[in-house]
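Below: the structure, in C-alpha cells.
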There are 2 protein chains.
Amino acid sequence: MAQRSQELRDALEEEIVNGVFGAGVRLDEQELARRYGTSRTPIREALMQLSAAGLVEIRPRRGAIAAVPDAQRLMEMFEVAAEIEAMAGRFAARRWTPADKDQLLAAHDACRARANEGDADAYYYENELFHEAIVAAGHSGFLQEQCAQLRRRLKPYRRLQLRTHNRVPASFAEHEAIVAAILAHDGEEAARLLRRHVLVQGDRFADLVASLPQLAGAASARKTSSGL
Amino acid sequence: MAQRSQELRDALEEEIVNGVFGAGVRLDEQELARRYGTSRTPIREALMQLSAAGLVEIRPRRGAIAAVPDAQRLMEMFEVAAEIEAMAGRFAARRWTPADKDQLLAAHDACRARANEGDADAYYYENELFHEAIVAAGHSGFLQEQCAQLRRRLKPYRRLQLRTHNRVPASFAEHEAIVAAILAHDGEEAARLLRRHVLVQGDRFADLVASLPQLAGAASARKTSSGL
DNA sequence: CCGGGAACTCTTGTATACAAGAAAGGCCTT
DNA sequence: AAGGCCTTTCTTGTATACAAGAGTTCCCGG
C-alpha cells in the first residue's frame with residue numbers, strides 16, 4: 001500500500017500532465033496541503049520526486065512551478081520518443097518469443113476492432129497496449145521503464161493528435177507493416193517504420209501548436225535545472 | 001546556492017554511483033542524518049529524488065536500499081545508452097552548424113592527444129567531452145538531458161572498461177569514422193558506428209562481470225560496503 | 001526442541017514548530 | 001512626486017515531536 005506521499009506524487013503528476021495547472025504556475029505548498037487534506041511534508045516529498053522526473057521546477061527558496069513543456073521542447077520529446085520506440089522495435093525483432101508474438105497479434109487485432117468501430121478514444125487505448133507489447137517483446141526492463149515514463153508525459157498530446165487528425169485508419173495500416181517487419185526479424189525495417197509512425201504525430205505538431213493558445217504562449221516554461 | 005537537500009542528493013548520488021554502498025544495502029535515514037550532520041527531513045527529500053531517478057528503491061515503511069544494478073540490468077542500460085548515443089549521432093549529422101563542427105573537431109583532437117600519450121584516464125575525460133559535443137550538435141535539449149542522466153549512472157563501469165581492456169586506440173579509431181560520417185551528413189552511418197562504438201563496452205561486459213564478484217553475486221543483500 | 005504469537009523496539013511516515021530568505025508595501029528622503 | 005530603503009509579512013527550508021507499521025525477541029505451548 002503506497003504511502004501518502006506516493007499517492008500525492010501520482011495525483012500531482014496527473015494534474016500537471018493533464019494541464020490542470022497552466023504553464024509556469026506556482027505550486028504553493030500550503031495551498032496544495034489544504035487541497036489534499038495533509039501537511040506540507042508529504043507535499044514537499046512529492047514535489048521533490050516530480051522535480052527529479054522533470055515535471056516541476058524547484059527554484060530554491062522561491063517555490064515550485066509546473067514545468068509544462070513549450071512547443072520546442074514538446075517537439076524534442078516527440079522526436080526522442082519516436083527513436084526510443086524504434087529502438088524497442090529493433091530489439092523486439094531480434095528477441096521475440098512465441099508468447100510475445102501472441103501478445104503482439106492479440107493487441108493488433110484489438111486495434112483493428114476499434115479502428116473498424118471508428119472510436120478514436122478506444123483505439124488510442126488499444127494502441128497503447130500494442131506499443132507496450134512491442135516494448136515487452138524487446139525484453140529490456142530498463143527500456144520498458146524509459147518508454148513508460150516518456151509515454152506518460154506525452155500522453156495528453158498524443159491522444160489529442162489522434163483525435164484531431166483522424167489518424168486512426170493510417171495508424172492501423174502502419175501497425176500492420178510494423179508487425180510484419182518484427183515477425184520477419186527485420187529490425188532495421190521495424191525501427192524505420194516505428195520511427196515514422198510515432199513521429200507523424202510530431203511532424204504535424206506545428207499545426208497543433210498554432211491551435212493551442214496555452215502552448216503557443218508558453219514562453220515562461222523553462223528548462224528544468226534539476227541535475228537529475 | 002543550492003539547498004541542503006539538493007547538496008545531499010548530489011552527495012548521495014555520488015556515493016551510490018561510485019559503489020560506496022554495496023548492492024541492496026539499507027540506507028538508514030538516521031544514520032545518514034548523523035553522517036551528514038543534518039536532520040532526517042533533507043535526507044528523506046534527497047532519497048525521494050533519487051528514488052524518482054532510479055538510484056534507490058523505496059519500499060513503503062521498510063526503508064530505502066541502494067538500487068545498484070545487477071549484471072542483467074547493466075547490460076540493458078548499456079544497450080539503451082548505445083542506442084541513445086546513436087540517436088544523437090543521427091540528429092547531429094542532420095543538424096550540425098559550423099560552430100558544432102569546430103567543437104567536435106576540437107574534442108576529437110583532444111582525444112587524439114590523450115590517446116597518443118596513452119593515458120587512459122585522461123582519454124576517458126576527453127572522450128566524454130567528445131560524446132557531449134556530438135549530443136550538443138543534435139540540438140535537442142531533452143536528448144541532452146537524457147544522455148547526461150544515463151551517462152552519469154554508467155560512468156564508473158565505462159571508465160573501468162576502457163582501462164581494463166586498453167580500448168583507447170580502437171576507441172579513437174572509431175571516433176575518426178564517426179566524425180567523418182557526421183560531417184558528411186550521413187546520419188544512418190553515424191548512428192551505426194556510434195551504436196557499435198558504445199556497445200563494444202557492453203559486448204565485452206560479460207568478461208568483466210565474471211571478474212567482479214561483487215556484481216556476479218549481487219543478488220543477495222550484503223553488508224560489505226567496503227567494496228571497490 | 002521447534003513453532004507461533006504477543007509484547008517490545010526500532011524505523012519510517014506525517015504533523016507541527018521554528019528559522020531564514022524573498023517579495024511587497026509603506027515611509028522617508030531628495 | 002519619485003526612488004530607494006526599511007520593515008513587515010509570507011513562503012520555503014529544516015528540525016523536532018509524534019503516530020503507526022514492520023521487525024525482533026522472548027516466552028509459552030505443542
Roughly how many Å is it from CD in A/Q49 to C1' in C/dG13, rounded to a whole number? 13 Å
Salt bridge check: are B/R195 and B/E85 linked by an N-O gap of less than 4.0 Å? no
Just how far, in rounded Å, is P of D/dG13 from CZ of B/R44? 17 Å
Roughly how many Å is it from CG in B/L8 to P in D/dT14, rounded to a whole number? 8 Å
Are any of B/R62's side-chain N or O atoms less than 4.0 Å away from OP1 or OP2 of C/dT11? no
Using modelled atom types only, decide if a donor and an acceptor are shared between the side chain of B/R153 and the backbone of B/G54 within a distance under 3.5 Å. yes
Going through the distances and angles, do A/E45 and A/Q49 end up as a side chain to side chain donor-acceptor pair (under 3.5 Å)? CA-CA 6 Å; A/E45 293 183 348; A/Q49 294 186 69; over 6 Å; no
Can you tell me if B/T38 touches the phosphate of D/dA15, counting only side-chain N or O atoms and a distance under 4.0 Å to OP1 or OP2? yes
Whole Å only: how far is the CE atom of B/M48 from the C1' atom of D/dG13? 16 Å
Under a 4.0 Å N-O cut-off, is there an ion pair linking B/E83 with A/R90? yes
A/E29 atom CD is separated from D/dC10 atom C1', nearest whole Å, by 12 Å
Taking the nucleotide of DNA chain C with the nearest heavy atom to each, does B/Q30 or A/T41 sit closer to the 5' end? B/Q30
Closest to side chain of A/D28, choosing from C/dT14, D/dG13, D/dT11: D/dT11
Roughly, in whole Å, what's the span from CZ in A/R59 to P in D/dG13? 10 Å
Can you tell me the distance, in whole Å, between the CD1 atom of B/I58 and the P atom of C/dT14? 11 Å
Within the side chain of B/E15, is there an N or O that forms a donor-acceptor pair under 3.5 Å with the backbone of B/V20? no
Quick one: do the B/E14 and B/N18 side chains pair a donor with an acceptor below 3.5 Å? yes
Atom pairs, N/O to N/O, protein against nucleotides 17-20 of chain C, distance under 3.5 Å?
none

Spacing of A/I43 atom CD1 relative to C/dT14 atom P, expressed in whole Å: 11 Å
Decide whether A/Q72 and A/E76 meet the rule of one side-chain donor and one side-chain acceptor closer than 3.5 Å. yes
